[in-house]
Amino acid sequence: MSTVRWLVTAGLVALLGAAPSPSPTPDPPPPQPPPVLDRADVDRAVGRLDATVTELMKRTGVPGVSVAVVYEDRVLVVKGYGVREVGKAAKVDADTVFQLASVSKPIASTVVAGAVGVEGWQRPVAPDLPEFRLKDPWVSSHVTVADLFSHRSGLPDHAGDLLEDLGYDQAYILSHLRYEPLAPFRASYAYTNFGLTAAAEAVAGREGVPWEKLAEDTLYKPAGMDDTSSRFEDFATNPDRAVGHVQESDGSWKPRYVRDPDAQSPAGGVSSSAGDMATWLRLQLANGELDGRRIVDEDALTLTHHPEAVASPPRAPAGRTGFYGLGWNVSYDDEGRLRLSHTGAFALGAHTNVTMLPGEQLGIVVLTNGAPAGVADTVALDFFDTAQDGEPSRDWLPLVDGLYQQQEDAGRSETDYAKVPADATPAKAADAYAGTYANDYFGRLTVTEEGGGLVLKLGPEPQTYRLTHYDGDTFSFATRGENAVGPTGVTFSPDGKTVRVEYLDQEGLGTFTRTGS
């Protein structure tokens, strides 16, 4: 499952939807109402945190959690719970680094705000990233940094993520987004890791440095965020790192996978600690200042908090519209207060949440080293409920976890490939299917006979999948990676000239044509 199919706080706080046209000087959102919380309210919520985190870890089994709370420019909490890796004694502490997944996006928007100021958000991407093109040449030449950071370019949901799963690098992915179909430009919304990545890389290109260095020079070093990096290698070599875990069928948690997100570094590749994230929260809530020093231009940073795209139109008469800003979910609560949030998650072992009420000068970050089980979002939701009303408004965990499960199930095939039809037609001889097939988007696919069966190979390395016969010219294999959806179908045309891979065909791009070689 991809990074932002996990964007469930967006389902609770600010969902995804359509987008207005940009303006060089967008109108600001409504003025903030006066604060309604005081220190006693916040202390009450802080006092409940230990019990909340401990209980949720017990209910879910998530191995490690780290939390930071900032209020009125003071760090009230920065604390770790549990272990960095199951079966080992090392504890999570304030300096343990976690993979942030999509919480990287509001950090990336902070970097861009610091690098380009206000006007730079409206700069077209094309001059600074010539390899990035979209299907419509006019859109290619006009799409801006702001368009891509607010997911209104017209690219389909999660465009490029499957290429990353197959092992393609960033350059290949960005140059092949031109094959993706486009929805109406600036009039539709779809969450795209590689659209945002393209925008960030364009900014770095204009500055003449790699994105990772731009992030260091613009934000991490000036703010003293020494444990924060946009390079996977820095995370992987940090001795105080939280290893990612997935949940087994028996309920236990195991460190099965390693997630290298460098290809989408601005969108999902940041690693950081609760201590550093507390520093970043302080900077956000102080409008770009930190300990009296200006780190990011105030107007440019404030622009990232504005609604840019209608993310979820209200679904009931009393419903409220959810928005997406520049790297942030943006909403307004019952008191009319601006609420900023983002969830991040890797199906291969990370789940994070940041939520802020800027008008209250209050924010929380929750980092975990387990695939999404609802913990990070639930801690944040409980915290703000308790600050506001004295106690949680509901048991959030089943709802949040249920939304994750619903999103995971939505990607699965409608066909149960484990149940072969009683009247299944036998497959043809292996040489009817063996061969090389080509696809402009996904590259080369080969089918060979090995060990008495068919093997399919995909991707630049390539990745190998053993095919299981289902019926006639249809086979299946078990998908792997961040966007795995369980078994998927592989159907050869009767004449043997094409093969369609079901889970790669979400946008009609999953058919490969035999090359004859």
Side-chain angles (χ1 to χ4, degrees), residues 1-2 5 156 158-169 172-173 175-177 179-180 194 246 256-260 263 347-348 408 410-421 424-517:
M1 189 165 296
S2 65
R5 293 188 194 287
H158 291 271
D161 286 6
L162 291 172
L163 292 175
E164 182 190 22
D165 261 9
L166 292 176
Y168 287 104
D169 62 17
Y172 180 96
I173 297 168
S175 68
H176 281 69
L177 292 178
Y179 293 105
E180 292 274 11
F194 284 97
V246 295
R256 295 284 187 201
Y257 307 105
V258 176
R259 176 71 163 99
D260 179 350
L348 302 186
E408 182 176 356
R412 296 188 180 277
S413 175
E414 295 180 359
T415 302
D416 185 352
Y417 291 102
K419 296 180 179 179
V420 177
T425 301
K428 297 183 178 75
D431 61 5
Y433 307 115
T436 300
Y437 302 77
N439 178 293
D440 288 338
Y441 187 68
F442 288 109
R444 189 170 70 167
L445 177 155
T446 62
V447 178
T448 57
E449 184 179 10
E450 298 179 18
L454 292 176
V455 170
L456 179 149
K457 296 180 180 180
L458 273 170
E461 290 191 358
Q463 298 176 7
T464 300
Y465 301 89
R466 183 161 292 278
L467 296 181
T468 299
H469 184 249
Y470 177 69
D471 183 15
D473 295 321
T474 297
F475 298 75
S476 71
F477 68 85
T479 54
R480 299 195 299 265
E482 183 66 32
N483 299 279
V485 293
T488 194
V490 177
T491 301
F492 296 86
S493 63
D495 60 9
K497 292 183 178 179
T498 64
V499 58
R500 173 183 175 268
V501 180
E502 182 182 15
Y503 92 115
L504 301 182
D505 203 35
Q506 298 169 9
E507 304 299 333
L509 299 174
T511 296
F512 297 72
T513 302
R514 189 186 288 269
T515 64
S517 60

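Not one N or O on the side chain of Thr448 forms a donor-acceptor pair closer than 3.5 Å with the backbone of Glu450. At distances below 3.5 Å, at least one donor-acceptor pair connects side-chain atoms of Arg514 with backbone N or O atoms of Gly496. In terms of modelled atom types and a separation under 3.5 Å, the side chain of Asn439 and the main chain of Leu509 share a donor-acceptor contact. Between the side chain of Asp471 and the backbone N or O of Ala424, no donor-acceptor pair lies under 3.5 Å. Between the side chain of Glu180 and the backbone N or O of Glu507, no donor-acceptor pair lies under 3.5 Å. Of the possible donor and acceptor atoms, none in the side chain of Thr515 sits under 3.5 Å from a partner among the backbone N and O of Ala438. Side-chain atoms of Thr488 come within 3.5 Å of backbone N or O of Tyr503 as a donor-acceptor pair.
Taking 4.5 Å as the limit, every side-chain heavy atom of Phe512 sits out of range of all side-chain heavy atoms of Asp440. Side-chain contact between Val447 and Leu445: present, with at least one pair of heavy atoms (C-beta onward) separated by less than 4.5 Å. Within the 4.5 Å cutoff, the side chain of Phe194 has heavy atoms near those of the Asp161 side chain. When side chains are defined from C-beta on, Leu467 counts as touching Val490, because their heavy atoms get closer than 4.5 Å. Using a 4.5 Å heavy-atom cutoff, the side chains of Asp473 and Tyr433 are in contact. Within the 4.5 Å cutoff, side-chain heavy atoms of Leu458 are placed close to those of Leu504.
For the pair Pro462 and Lys457, the tightest heavy-atom approach, listed with the atom from each and the gap, is CG-CB, 3.9 Å. What you find for His469 and Gly472 is that their closest heavy atoms are NE2-O, 2.8 Å. Among all heavy-atom pairs drawn from Val420 and Tyr470, the shortest one is CG1-O, 3.3 Å. Scanning all heavy atoms of the two residues, the minimum distance from Gly167 to Pro460 falls at O-CG, 3.4 Å. Among all heavy-atom pairs drawn from Tyr417 and Glu502, the shortest one is OH-OE1, 2.8 Å. Listed here is the closest heavy atom pair of Asp505 and Arg500: OD2-NE, 2.7 Å.
For CZ of Arg412, the number of neighbouring non-hydrogen atoms (other residues, nucleotides, ligands) closer than 6.0 Å is greater than 12. Lys497 NZ: 12 or fewer foreign heavy atoms inside a 6.0 Å radius.
Ring pair Phe477/Tyr465: centre-to-centre distance below 6.0 Å.
For the side-chain contact (heavy atoms from CB on, under 4.5 Å) test with His176, the passing option among Tyr168, Phe442, Tyr441 is Tyr441; the others fail.
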Task: Test log, rule side chain to side chain donor-acceptor pair (under 3.5 Å), inputs Thr474 and Thr491 - done: CA-CA 4 Å; Thr474 297; Thr491 301; 3.1 Å; yes

